[in-house]
Amino acid sequence: MIEFINVDKVYQNNVKALQNINLQIDKGEFVAVIGLSGAGKSTLIRCINRMHDISQGQLIVDGVEVGKLKGKEVRKFRRRIGMIFQSFNLITRTTVLNNVLVSFVPELSYIRKLTGFFSKEHKIKALTALDQVGILDKAYVRVDQLSGGQQQRVALARTLAQNPDIILADEPIASLDPVTSKQVMDDFQRINREMGISVIMNIHHVEVALEYAERIIGVREGQVVFDGKAAEVTAEILDYIYKGKAEEILENLEGEEAYV
Amino acid sequence: MIEFINVDKVYQNNVKALQNINLQIDKGEFVAVIGLSGAGKSTLIRCINRMHDISQGQLIVDGVEVGKLKGKEVRKFRRRIGMIFQSFNLITRTTVLNNVLVSFVPELSYIRKLTGFFSKEHKIKALTALDQVGILDKAYVRVDQLSGGQQQRVALARTLAQNPDIILADEPIASLDPVTSKQVMDDFQRINREMGISVIMNIHHVEVALEYAERIIGVREGQVVFDGKAAEVTAEILDYIYKGKAEEILENLEGEEAYV
Amino acid sequence: MYDKIFPPKKIQMPNGKTVLEKRSRTPLVIILIMAGLFFSIELTNFDINQIIKNGYKFYMIIEEMIPPKWEHLPNIWTPLMDTIKMSLLGSVLGSLAAIPFAYLASSNIVKSNVINTAARIFLSLLRTMPALVTALIATFVFGLGTLAGTVAIFLFTLSYVGKLLYEQIENAGMGSFEAMESLGMTKSQAFRQAIFPQVLPNYLSTSLFCFEGNVRHAAILGYVGAGGIGLLLDEGIGWRDYASVGMILLVLAITVFAIETVSEHFRKKLV
Amino acid sequence: GDSEEGSANESDNEAEASDKENSSADSEEDSEEAAGESIDTLSIGFVPSRDPEEIITATEPLKELLKTEMAGLGYDIGEVEITVGTNYEAVGEALSAGSTDVGLIPGGTYVLYDDGAEVLLTSTRAGLSNDSDDPKDWNDNKPTEPVDEQVTYYRSLVIAGPSAKGQELAEKVNNGEELTFEDLNSASWAVMSSSSSAGYIYPALWLQENYDKTITDLENLVQVDSYGSAFARLAAEQVDIVVSYADARRDNEEAWQGEFEREGSIWDETNVVGVTDKIYNDTISVSKNSEIMTDDLKTAIQQAFINIAQTDAGKEVISIYSHEGYQEASSSDYDNERSAQEFLQSLN
Amino acid sequence: MNHVEKQLYAAPRNYLYLYTVAFILTVLFVWSVSAVSLNDVKESGLSIAVNIISGILTPDLELLLTFNSNGVAYLLVETIAIAFLGTIIGSILAIPLAFLSASNVVPKPVAFLTRLLLIFIRTVPAIVYGLMFIRVTGPGPFAGVLTIGITSIGMLSKLYVDAIENLDTSVLESMTSIGCTTMEKIRYGIVPQLFSMFLSIMIYRFDMNLRDASVLGLVGAGGIGAPLLFAMNSYRWNEVGSILIGLVILIIIVELASNKMRSKLIKG
Ligand SMILES: Nc1ncnc2c1ncn2[C@@H]1O[C@H](COP(=O)(O)OP(=O)(O)OP(=O)(O)O)[C@@H](O)[C@H]1O
Ligand SMILES: Nc1ncnc2c1ncn2[C@@H]1O[C@H](COP(=O)(O)OP(=O)(O)OP(=O)(O)O)[C@@H](O)[C@H]1O
Ligand SMILES: [Mg+2]
Ligand SMILES: [Mg+2]
């Protein structure tokens, strides 16, 4: 269970990215976070596995207060949380399998770490993860030869191999075409349902969010402005989540005089 | 008017990308071409301005048989047809204005071509085009500093500066987020309506296609499998256009044995 | 081939599926490299012990170079300027001449295998021709002195920049080139508008790198009478006057540093 | 791997050495042979003073000759390594650092590197039919031929070429006129690298003695990489004057009318306008810093080369350098050369 | 004046900069042209040049086809060995230097000092290195190996630095999220990326080192360089020709192979 209690996040440049967030996400939920660009979605997600430190408040994951963790504990804590990025963040110039195997690196003995030889069990685990996202046949292909959707699946497999309790996904389908998007979203859904892994996902595609997520969190200017079942989301709510800025943009476009 | 008469297109590697296409697109129409990846949408569009040569049949644009044009005539012919790409295809590392100005290059004197100095009239024309798509204020900004949507608008302005009769757009919003997509699509619609320029667009987002286009052409495995008003498109029709392959993909995913 | 000799390993997965893991090529590559190393060491009498034992002797010449002989400075100016002049002229002309050759050698722009290959072989031959040979021939055609050196540098620059440039052109994004073609431009116009700006920063930095290299190479060209600071360097070495050699090298190093700084400035401007 | 190979060869050579009856070895020293010291490799460096390509092939037999000869003197040498440096400095540096044991180097190079090298022998060679220091004599008695007499020196010549300027200077000399420095300065010169005795140092001294000027005072001066190149440029009329060892015209006689495409012979088209002092012949020097070098070894090497030069096979080998024999030499023989170099360097 | 025209005049003016640069370039160019004087050009020189070229074009095939230790084939093999070993030594030495001069890895002053050091290493000509190493190893291919090694450092480390500065660091972020330590991130996130880039750079430099064989000749450092230089000095151009033919064939083979390997390394 993830719990945000009065969480604030201020970046060094004094940008208030999150303000007074209170949230509670249960195990096994599929949550979509929506909102305009710059609303603070990425910040919200990244605080969970402490890629960013929060400035104020408490963030408790499965009873552990994240902010209190130190050095090694942080790394150990992160191993339980998978993270998927918009740009896949794979190691280029190496094979799919190697990319998945990376998730075992922290468990390796010192010598294996240096030489980069993985045991057969690890290989089988990694291959199983690839099988779960349906790209087992690409195991020995270099990742740069895969399409975007396939690359995202590799990232997904890498995360699955980690055997996480929670998956955080930061716009996982933003650079994918709709068909591939659908496949990747189906994967997420399956993983969520079959393995009971919580999924918290930032997403720009509202219609996709509504289709797949059970729960929607709307973020606007660093604040949670909506939190409810996907089925409850109406056009007005969307308008409310997105409105502030949409108008601004339009205004900008129709500005009478343009300056450089 | 664009007329396809029994057009076939076979790529050098023997891929039959188009088969027996018969189409007629009138001046001022807004046509969306939809279909699966690899169906032949891009090929269809690219044949129109002869970025690809057709293999069989006739393609007639405004009474001119495209296949018969030679060297200089092809280039002259292309000037009347604007083209927009999914990845914008702007010249990076230079300003927005310069990107629009390039559309005048074929008209320039030899010296100007080499030195890259443009006359004042050309500059005004280019700025006007930028104004039409609402990014006049970005004229002297380097394109790599713009967002995706803004970049696509620069591409649109470049095409408008060309003063074309027809605009071909190959997935112009595929790499844009929904809000920006909407703005760009609105631009297309305005250009189509106000200037009477025909727009033929490949697009993956069916719902967007249905919203903006008057006419939908469904392509499947190189053949036109649907051609009709956007209003007439039903779920069954979409299913028919997209189905063939969707199943295949799924099959692929569930393949029993995987080889490298 | 390899897979036939070493059949892929089967990995059995718990859910019954099997995956064929190709045998890694790494052992083969390592064996090849080891064999290469072994033969090279044999052929060249490479002996690490000798380095350990006599390594200190390496520094003797350097020690003699320090401190450099400052009085030598006035003698250096003119030949240094000659060297810079011929490197500059040769590099500028060479880099410019490289553009058309690189254009012809790029398979993504000129779609003719014959032309591509011809241009590439030309560049490759030019690159193989040792600078000393070209410089020597040039001294007969153009007389002893800096003109001959300039010609040798020109040819070298042409071949070096030409090769790197065509590789960059082939790696350039073709999207904007396509867009230019769709605007009705000819290939060369589209190249000028879309590809050239993309490769420009790299082209400039390659050219400047080459210029800098040429200043240093010009030091060797003096050997065959092609003028420049090489004569002076040769004389210093001949007389075992390493303090003067040190002075020349110091001046050269400062020149190289200046060129590199300028080069950085423009690259930052452009990228 | 090296040392193993060396010792493997050693036994072979021993067998070989005892097989062959040495004609020239002293029989007294033969008895010491059994207790002889063994040396893995003896490396000899040659300077490229003649035709380096030929040096490599022609000196191949020297390896065996030297081994046999040294065996006779009580040294088992595993391998004789011969390298021809592409320039004088390479051989000099190697010798002074001790990475080469023996060097066949010119006197000038020896003097420059005498901090690490010690001269053992001076070569003797056939004198030339002309040994006058008056240039006119050289022009009157063309062509120059070798004679039987052995000498330990040679000379360098200042040679005017077929260009108008060259002809003009030659004319004056042959009319018995003294050339002025202005005459010389109006011509263009090709010289060798500044450490070359015949191609730079002695001509510079000649200028100094006769005109109180030095080479760098000449306005039209180019340095060329080889004597071949110098004569090619003389033939091409790119330069008016070259300086070279006295024999050089004989060496380039063929090329002159061949590759250089001159109509007349080299003897007709070139004239001597200056003759330098005597230049001591090439030396055989050893490294002071080589690990294997001992006084005994030095004496042995000295003796071995003198012996080799007396055999027919040996004569043929050293003829490539136009050496015909060796005489013992000492450092003081090169004092002249030393002062010449000191003087030239002081000008810089 | 409407807003379009207003924008026209709002164009940022960096003409001053452009004109200054153009002016300086022109001045430099004109100045450098003064290096050229055509009055040394002589007819007869041309005919010798023609003879040289025709000599090169009628190579001494015997030399080319001799397979003993004086034949071109053997010398080329020796050259390959020198270039191979030299490249490996240079590549290894260049790695620490490259990291020390990459401004995104070490603090600025360290990077700057390393850069200076690299400039000095680059500036010393091969002929001087040759002499230095001959003191250590004696003349011969061993000295050649070391010379090639050290002269390669300059370019290698420059290209390495480019690769290091272009590292895709996004993967590090995801490795952080997996819970990797810095060392693990370097080993699994950076090394695989750099490995193939570095290898490709090394292959490229090997190709260049083969060509630099002629420079090696200057210092008597073995391989094909010395015979080439000797043949040049004694004006045996048909020998030069046969050596060059050997060199060209070798280099074209190596270039084809290296292009293939490099594109495989980079593009997979
Ligand atoms: N590392 C950072 N340092 C300073 N400010 C930051 C940083 N990262 C983000 N911000 C700022 O914090 C605010 C929230 O950013 P965040 O990335 O969370 O938005 P987002 O909702 O993910 O937007 P997008 O949809 O564009 O990814 C923005 O104003 C942004 O400019
Ligand atoms: N240049 C080419 N050479 C050979 N085959 C090609 C080429 N371009 C496309 N094809 C093939 O032609 C077929 C149609 O491709 P096309 O690009 O027109 O599809 P598309 O509908 O635009 O797909 P997408 O939505 O992925 O862009 C595909 O099978 C493709 O592999
Ligand atoms: Mg974000
Ligand atoms: Mg397409």
Side-chain angles (χ1 to χ4, degrees), chain A residues 45-46 48-51 71-95 98-108 110 112-116 118 141-146 155 158-159 161-162 164 167-168 170 255-260, chain E residues 1-15 95 159-160 162-204 260-268:
Chain A
I45 270 200
R46 278 151 183 266
I48 299 178
N49 67 345
R50 215 165 125 193
M51 299 290 278
K72 212 171 170 172
E73 295 165 351
V74 175
R75 290 201 295 277
K76 218 170 154 192
F77 166 71
R78 281 187 187 145
R79 298 204 36 66
R80 293 172 33 216
I81 304 184
M83 189 150 189
I84 305 274
F85 302 83
Q86 166 176 351
S87 46
F88 325 141
N89 293 4
L90 298 176
I91 305 168
T92 46
R93 301 215 182 86
T94 180
T95 60
N98 277 337
N99 263 286
V100 179
L101 285 170
V102 165
S103 68
F104 302 119
V105 164
E107 301 170 3
L108 291 184
Y110 198 75
R112 280 192 190 272
K113 252 180 214 168
L114 261 181
T115 55
F118 290 88
V141 176
R142 264 174 65 149
V143 282
D144 23 21
Q145 287 168 4
L146 298 184
R158 178 174 65 191
T159 296
Q162 215 180 310
I167 290 183
L168 308 175
D170 196 351
E256 291 250 311
E257 281 231 336
Y259 297 97
V260 181
Chain E
M1 193 155 86
N2 67 15
H3 58 280
V4 169
E5 268 179 46
K6 212 171 194 170
Q7 187 68 337
L8 178 64
Y9 295 115
R13 280 165 223 284
N14 50 1
Y15 293 124
I95 291 175
L159 294 178
Y160 283 177
D162 285 349
I164 294 170
E165 288 181 346
N166 289 332
L167 266 182
D168 174 14
T169 46
S170 67
V171 60
L172 298 185
E173 194 180 25
S174 65
M175 292 189 70
T176 313
S177 81
I178 291 173
C180 291
T181 61
T182 310
M183 210 238 24
E184 290 161 7
K185 280 191 249 177
I186 292 174
R187 169 64 184 82
Y188 289 92
I190 294 181
V191 171
Q193 282 188 58
L194 286 186
F195 183 71
S196 49
M197 286 302 291
F198 280 14
L199 213 55
S200 133
I201 292 170
M202 278 168 63
I203 293 173
Y204 181 55
K260 227 187 190 136
M261 280 194 277
R262 288 177 59 218
S263 72
K264 189 152 188 176
L265 277 172
I266 292 175
K267 294 179 191 135

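Order of the sequence lines fixes the chain letters, A, B, ..., with proteins taken first and strands second; residue numbering starts at 1 for each chain.
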Taken to the nearest 0.5 Å, the spacing of A:Asn99 CG from E:Ser174 OG works out to 8.5 Å
OG (E:Ser177) and CZ (A:Arg50) are apart, to the nearest 0.5 Å, by 14.5 Å
Honestly, the part of A:Arg46 sitting under 4.5 Å from a heavy atom of chain E is side chain
When the 4.5 angstrom heavy-atom criterion is applied to E:Ser196 and chain A, the contacting part is side chain
Turns out that what part of A:Leu108 lies under 4.5 Å from chain E's heavy atoms comes down to side chain
Residues passing the side chain to side chain donor-acceptor pair (under 3.5 Å) test with A:Thr94, sequence neighbours excluded, are A:Asn98
Heaviest contributor of heavy-atom pairs below 4.5 Å to chain A, chosen from E:Val191, E:Thr181, E:Leu172, E:Ile190, is E:Thr181
OG1 (E:Thr176) and CE (A:Met51) are apart, to the nearest 0.5 Å, by 4.5 Å
Minimal heavy-atom distance between E:Cys180 and A:Pro106, with the atoms involved, is SG-CG, 3.9 Å
Nearest heavy-atom contact between A:Arg112 and E:Tyr188 is O-OH, 3.3 Å
Most contact-rich option vs chain E, by heavy-atom pairs under 4.5 angstrom, among A:Arg78, A:Lys72, A:Lys76, is A:Arg78
Distance col, row A:Ile91:CD1 vs E:Gln193:CD, nearest 0.5 angstrom, shows 7.5 Å
Distance col, row E:Met175:CE vs A:Arg158:CZ, nearest 0.5 angstrom, shows 8.0 Å
**Prompt:** Between E:Ile178 and A:Val105, does a side-chain contact (heavy atoms from CB on, under 4.5 Å) hold up when you go through it step by step?
**Reply:** CA-CA 9 Å; E:Ile178 291 173; A:Val105 164; over 6 Å; no
